[in-house]
Amino acid sequence: MTDLRTALAAHGITLPSLRADLPSFAGTYAPPVGLVALGNCNTVTARKLTAVLRGGLDLGLLAVPEAVPDLRRAVRLHLGAPCADVQLCVTELVANVIRHVGEGTPVRVRVARVGGGRVRVEVGDPDARALPVLRHATGDDEAGRGIALLDAVALRWGVEQAVVGKTVWCELAEAE
């Protein structure tokens with residue numbers, strides 16, 4: 001809800017219903033005609049509204065190799081410009097889920113312009129234990145380059161852990 005309040009405020013919108021403890025109003029609170037009581041929306045709805053207000057792409061999908069080309073295409077369409085580095089980061093983060101968490105794992109992919117000429121990419125999955133590690137692969141290694149590639153093109157990256165799952169994110173300079 002905090003993210004939703006912040007996103008709305010960035011658009012000059014403040015809604016008293018987002019600060020109300022609606023259970024305490026049960027039976028007594030009747031919003032005037034035309035007022036939308038968003039304070040009782042669930043977390044999924046709040047996140048979707050936040051993404052829309054931020055102008056972000058927010059997709060839920062299964063982490064399977066067949067989904068990656070469509071995902072890259074959706075990112076390009078969303079940003080409306082060539083974005084090879086953003087597409088590379090999305091691809092590598094989803095590939096990490098496939099390899100280290102498991103093919104078919106449900107993921108949430110978010111891509112948004114965050115100001116300062118930056119694009120933020122987030123890929124969330126349900127496994128808080130499988131954390132990305134920056135490795136330095138040798139010429140003979142068959143794997144281990146994904147996070148190194150992400151580290152090379154991103155301005156910064158990190159991991160946000162939750163009670164259930166994690167979100168790996170990176171921020172890149174938006175292409176001119």
Side-chain angles (χ1 to χ4, degrees), residues 1-11 13 18-19 38-65 67-68 70-72 74-76 78-79 83-137 143-175:
M1 292 309 276
T2 300
D3 285 346
L4 179 56
R5 278 192 290 270
T6 302
L8 286 167
H11 285 71
I13 302 168
L18 289 176
R19 300 207 191 288
L38 291 174
N40 62 351
C41 69
N42 63 29
T43 303
V44 171
T45 302
R47 284 187 178 140
K48 286 181 182 178
L49 284 168
T50 301
V52 168
L53 289 167
R54 287 183 177 163
L57 176 69
D58 188 348
L59 299 171
L61 58 119
L62 296 179
V64 294
V68 175
D70 289 337
L71 180 57
R72 283 195 300 259
V75 168
R76 173 142 184 1
H78 170 70
L79 293 176
C83 54
D85 288 348
V86 175
Q87 290 172 307
L88 171 72
C89 290
V90 167
T91 299
E92 289 304 327
L93 292 175
V94 171
N96 268 359
V97 173
I98 294 169
R99 181 174 179 94
H100 299 290
V101 180
E103 188 170 331
T105 299
V107 295
R108 168 89 33 214
V109 177
R110 295 180 190 93
V111 178
R113 290 181 171 91
V114 292
R118 294 174 295 132
V119 173
R120 183 176 174 102
V121 173
E122 299 178 351
V123 175
D125 70 69
D127 189 344
R129 298 168 296 138
L131 299 175
V133 176
L134 178 60
R135 293 182 20 191
H136 299 285
R145 292 178 179 80
I147 295 298
L149 284 169
L150 183 135
D151 187 64
V153 300
L155 299 170
R156 61 189 193 129
W157 67 276
V159 180
E160 294 173 359
Q161 289 184 282
V163 174
V164 176
K166 68 179 173 301
T167 298
V168 182
W169 60 270
C170 64
E171 291 182 358
L172 302 97
E174 191 164 4

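Just the heavy atoms: all of them, side chains too, but no hydrogens, waters or symmetry mates, feed the values below. One-based numbering along the sequence shown. On a predicted model such as this, the values are computed, not experimentally measured, just so you know.
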Check your understanding: Under a 4.5 Å cut-off applied to non-hydrogen side-chain atoms, are R108 and D58 in contact?
Key -> yes

Practice item. Evaluate the side-chain proximity of V75 to C83: yes if any heavy-atom separation is below 4.5 Å, no if none is. Key: yes

Check your understanding: Heavy atoms, side chains only, cut-off 4.5 Å: are I147 and E92 in contact?
Key -> no

Check your understanding: Would you say the side chain of V109 lies within less than 4.5 Å of the side chain of L57, judging by non-hydrogen atoms?
Key -> no

**Study point:** salt bridge (charged side-chain N to carboxylate O under 4.0 Å, His left out) partner of E174, the single match among R120, R113, R118
**Key:** R113

Review point. Are H100 and D127 close enough that some pair of their side-chain heavy atoms sits under 4.5 Å apart?
Key: no

Check your understanding: Where is the tightest heavy-atom contact between V101 and A130, given as atom of each residue plus distance?
Key -> CG2-CB, 3.9 Å

Point to revise | Spatial distance of atom CG (L93) from atom CD1 (I98) [nearest 0.5 Å] | key: 11.5 Å

Study note, to complete from the structure: Tightest non-hydrogen contact, residues A154 and L172, listed as CA-CG, 4.2 Å

Practice item. Check for a donor-acceptor pair, side chain of Q161 on one end and backbone N or O of A128 on the other, with a separation under 3.5 Å. Key: yes

Check your understanding: Does a side-chain heavy-atom distance below 4.5 Å link W157 with C89?
Key -> no

**Study point:** Heavy-atom donor-acceptor pair, Q87 side chain to R72 backbone, under 3.5 Å
**Key:** yes

Review point. With a 4.5 Å heavy-atom cut-off, do N96 and V168 have their side chains touching?
Key: no

Review point. How many angstroms lie between CG in L62 and OG1 in T105, if you round to the nearest 0.5 Å?
Key: 8.5 Å

Check your understanding: Do V107 and L61 come within less than 4.5 Å of each other through their side chains, counting heavy atoms only?
Key -> yes

